[in-house]
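Reminder, nothing fancy here: chain letters follow the sequence lines and each chain counts from 1.
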Amino acid sequence: MTETRFDPSSADGRWQRAWHEAGTFTADSNSDKPKSYILEMFPYPSGRIHMGHVRNYTMGDVLARYKKMQGYEVLHPMGWDAFGMPAENAAMEKKVHPGSWTRSNIEAMKEQLQRIGFALDWTREFATCDPEYYGHEQALFLDMYASDLVYRRSSEVNWDPVDMTVLANEQVIDGKGWRSGAEVEKRKLDQWFLKITDFADELLDGLGDLKHWPDKVRLMQENWIGKSQGLEFSFDLSNGQKLPVYTTRPDTIFGSSFCAIAADHPIAQALATDSAEVTDFIEECKRGGTTAAALETAEKLGYRTPITARHPFTGEAMPVFIANFVLMDYGTGAVMGVPGHDQRDFEFATKYDLPIARVVAADPAQASAPMGGEAEAGDGVIVNSDFLDGKSVDDAKADVITRAESGGWGEGKTVWRLRDWGVSRQRYWGTPIPFIHCAKCDIVPVPKDQLPVTLPDDVDFETPGNPLERHPTWKHTTCPKCGGAAERETDTLDTFTNSSWYFLRFASQPADAPFDPAEIAKWMPVQHYIGGIEHAILHLLYARFWTRALSHIGKFDVKEPFAALFTQGMVTHETYSLGDGSWLSPDEVRKDGADWTRIEDGAPVTSGRVVKMSKSKKNVVDPDNIIANYGADAVRWFMLSDSPPERDLPWSESGIEGCYRFVQRLWRLFGHYDPAATGEDKALARKAHQAIVAVAEDIEALGFNKAVARIYELTGAAEKAAPSESRNFAIRAILHLIAPMMPHLAEEAYSVMGESALIADAAWPAHDPAMLVEDEVTIAVQHKGKLRDTLTVPKGAPKEDLEALALASEKVQRSLDGAEVRKVIVVPDRLVNIVT
RNA sequence: GCGGGUGUGGCGGAAUGGUAGACGCCGGGGACUUAAAAUCCCCUGAUCUUUGAUCGUGUGGGUUCGAUUCCCACCACCCGCACCA
């Protein structure tokens, strides 16, 4: 082979066509091979593929290609999470239809993905905005309704009082509507809910079986579900009513100095009917949006009602407040305030000058120690609490619950932090909720033979609000029950619904049903699921819930959708800004020595922190330009190199150049493959066998950066070696090891070596276990834990020999300087540590 | 505010209780060349009294013969918080 350069601009497309024509990556569910379903979180078609997508899909692609080489029938599909707000925003800004905007984005992004050479089964592609897809989703929603997993209730939304429209949390900026700038309010609407709380226990327990999920994600889900044991009991109120409260800290009941109820608590609402002051306060509580962060960082506000609550043990009369930090949705919508041992209560009590008592202390002697500037939520012994004094927190909890239950005024109760999933969205570009409102028959499901309920095409986005609501004809229909005039539901489903079952539709897509249980059984669960850590809770919990709910209603027998989860880091880039704080994109700037300047006019540029690539900071690099310059394989290699895949990956121009150089370096090495070479090079052969095993282990553990480093090492060794059979073995090994990572280069070299088949169909190279073992090891010799010398010894040398050799070392003797040896620690094949 | 994570040379990182800095990038020196590109070779944590030694894995403590790794506290940054996807 002559010393040519590898030319990605011709090779990439050629091999991509070859795979397409051969159907190399089309999954055959009837294959005898073991099955492996590799899935990356499908993209939202925002317009262009970004580097984050490239990283995500490259990782999945390496796994898919590797699994295929290991003899699996691989399902590696791709589709589009196509409903969502950005399409409506585009409609408003650019006067395009959300559907056509989405479709053209999909077309462009699909082409981009194909240029990177991903091993995807495009025969299974779909978009969630396809009526076939969302029609099946509507059918599943109706099945859930029939199984009592769907209901309606009133719930709060962010309301823009100027635009008269519901706002997403993202559209609320510093408490104001993004378009109108008006201060946002909370408003109640009747909305659709899915009963995820019915599965709280199962979703919590199921985490224990997810052995191949990151611990952090399981912990986050566990905390999100938030199972807590506590006491529900009622205070007798001065107005004769009872006030049920829930607390996770019944042990601190003697420290209670007030009660607080939510603004929409019935007692607060009742007080408002004859008090303008209360009405005003409740109005005040409606200010601001609905996010947890906004609620919890907002100033604690309270209104002291004339009502008092009687403490169940002391009989003391405690004030009852209406407070903005109590949520009607959690527990009973009322709490007992224990300022000494709850930080929120502490702040509230400080503000309203309420008693702050210590009822938990480090030890009984500290019973009268003053409270510091904050609540003490930690463990300890109970003090100042009558019969509870001296008990541990846990014992006191149990004691109070027992007394409440035997006294008949309360009971131990499990409460979940998890709330039911509100799926109603007052927007156009989503799955229409398949129900009809009839004045006579109330709420009536759309009969299944009338599905899909499709979105109308003729909609306008000139006015704020839901176009479905305003549409002249769409919502007017007849009641399926009584035949009278009726109206369609105009809410659409949360887009998380679309992503809660798409992996099932990839596995099987019959026309007349959402999926085929027999096909589901073949492919599910997904063996490797890869996506961003930002989905650790919501998407993954909703997908787990849908799988369990569908399993519960008998659709199939799969409990958990994703056997293994991997959360990859973001792609980041340096930021560039001018003196006025405006951002510049990487291709607008140039480095002059140590300083950065704007290419256009030489204006000085400040290079800033390395952060996630984002349009707002302009620090984005377009994958298309990079592929055009360096080819797909260099980009793929960059995505796998250096940074561990779960961490952020900083993009750099010099890094991609290095990757491109390595592509060419490999091409030259493959060119030195010499079938006529003879002779053995045992050291190189051993390195090659070790690399075959190590790279496989690294890929299976998704340690791509380590696999890359090992390939560099073996490549360096093979380059330096003289021609031999061993060297040929090493070169062929490298070719196969890089095949999942740099598939175009691998195919080209494979073909040049005279192979007529595709390397994508080749098997992972075999290794000889006898070749993995080293004869010699280098061990460390330490004195007092510090390295003094190293020794090269036969592997498995006995302890006594190692000790004697270590003590004989000149460097060690110098360090010992005649001191008495008290102890020698010997770890065979690793080190000797001499203690004096 | 609450929940979760991360922190090692100029940069990305390796080492998960046993030789800190593998591998890559940047930088420096050299070879080849009329020259350049490409390629190849060598050096590259800091300090010092430099054939050697000391220091060094965010900060401060602790456990251990031995800690980047385990424990406690703190600091900084990142992710999520239920209508962004």
- Task: Give me the one residue out of A:F496, A:Y151, A:Y542, A:F199 that meets ring-ring contact (aromatic ring centres under 6.0 Å, His included) with A:W421.
- Result: A:Y542

- Message: Quick check for you: among B:A14, B:C26, B:C40, whose closest atom lies nearest to any side-chain atom of A:R661?
- Response: B:C26

- Query: Does B:G1 pair with anything, Watson-Crick or G-U wobble, both distances under 3.5 Å, and if so, with which nucleotide?
  - Reply: B:C81

- Taking atom C1' of B:G80 as reference, at what distance in whole Å does atom CZ of A:R218 sit? 19 Å

- For the student: nearest non-hydrogen atoms of A:T497 and A:E137, plus distance: CG2-OE2, 3.6 Å

- Query: Can you find a donor-acceptor pair, distance only, under 3.5 Å between A:N169 side chain and B:C83 base?
  - Reply: no

- Query: On the ring face of A:W224, is A:R417 found with NZ or CZ under 6.0 Å from the centre and within 45° of the axis?
  - Reply: yes

- Message: Let's test your reading of the model: under 3.5 Å, does the base of B:C84 pair with the side chain of A:E534 as donor and acceptor?
- Response: no

- Task: Mind checking A:P43 for me? I need base, sugar-phosphate or nothing, with any heavy atom below 4.0 Å counting as a touch.
- Result: nothing

- Message: In whole Å, I'd like the distance from the CE atom of A:M570 to the C1' atom of B:G5.
- Response: 12 Å

- Message: By the 4.0 Å heavy-atom rule, please label A:K784 as base, sugar-phosphate, or nothing.
- Response: nothing

- Task: Check the distance between B:G7's P and A:D648's CG and give it to me in whole angstrom.
- Result: 12 Å

- Look through every strand shown and name the nucleotide pairing with B:U64 as Watson-Crick or G-U wobble, where both distances are under 3.5 Å. none

- So, does the side chain of A:Q191 form a donor-acceptor pair with the base of B:C83 at under 3.5 Å? yes

- Item | Between B:G66 (P) and A:I834 (CD1): distance, integer Å | 15 Å

- Item | Paired nucleotide for B:C25 [Watson-Crick or G-U wobble; both distances under 3.5 Å] | B:G10

- Indicate, with a heavy-atom threshold strictly under 4.0 Å, whether A:S643 touches base, sugar-phosphate, or nothing. sugar-phosphate

- Query: For A:I711 and B:C23, what is the distance between atoms CD1 and P respectively, to the nearest whole Å?
  - Reply: 15 Å

- Message: Applying the Watson-Crick and G-U wobble criteria at under 3.5 Å, what pairs with B:U34? Answer none if nothing qualifies.
- Response: none

- Message: Students often get this wrong, so: under 4.0 angstrom with heavy atoms, is A:F496 touching a base, only sugar-phosphate, or nothing?
- Response: base

- Query: Does A:I834 reach the side chain of A:K823, with side-chain heavy atoms less than 4.5 Å apart?
  - Reply: no

- Query: Has the side chain of A:N223 got a donor or acceptor atom sitting under 3.5 Å from an opposite partner on the base of B:G3?
  - Reply: no

- Message: For a quick check of understanding: with a heavy-atom distance under 4.0 Å over all strands, which category does A:V835 fall into, base, sugar-phosphate or nothing?
- Response: sugar-phosphate

- Regarding B:G9, purine or pyrimidine glycosidic angle vs 90° from 0 gives syn

- Message: Taking pairing as Watson-Crick or G-U wobble with both contacts under 3.5 Å, can you name the mate of B:A53, or confirm there isn't one?
- Response: B:U47

- Check: A:R822 side chain, B:C65 base, donor-acceptor under 3.5 Å: no

- Query: With a cut-off of 6.0 Å (strictly less than), are more than 12 heavy atoms of other residues, nucleotides or ligands near NZ of A:K351?
  - Reply: yes

- Task: Let me know, please, whether A:T290 or A:T790 comes out on the 5' side of the other along RNA chain B by nearest nucleotide.
- Result: A:T790

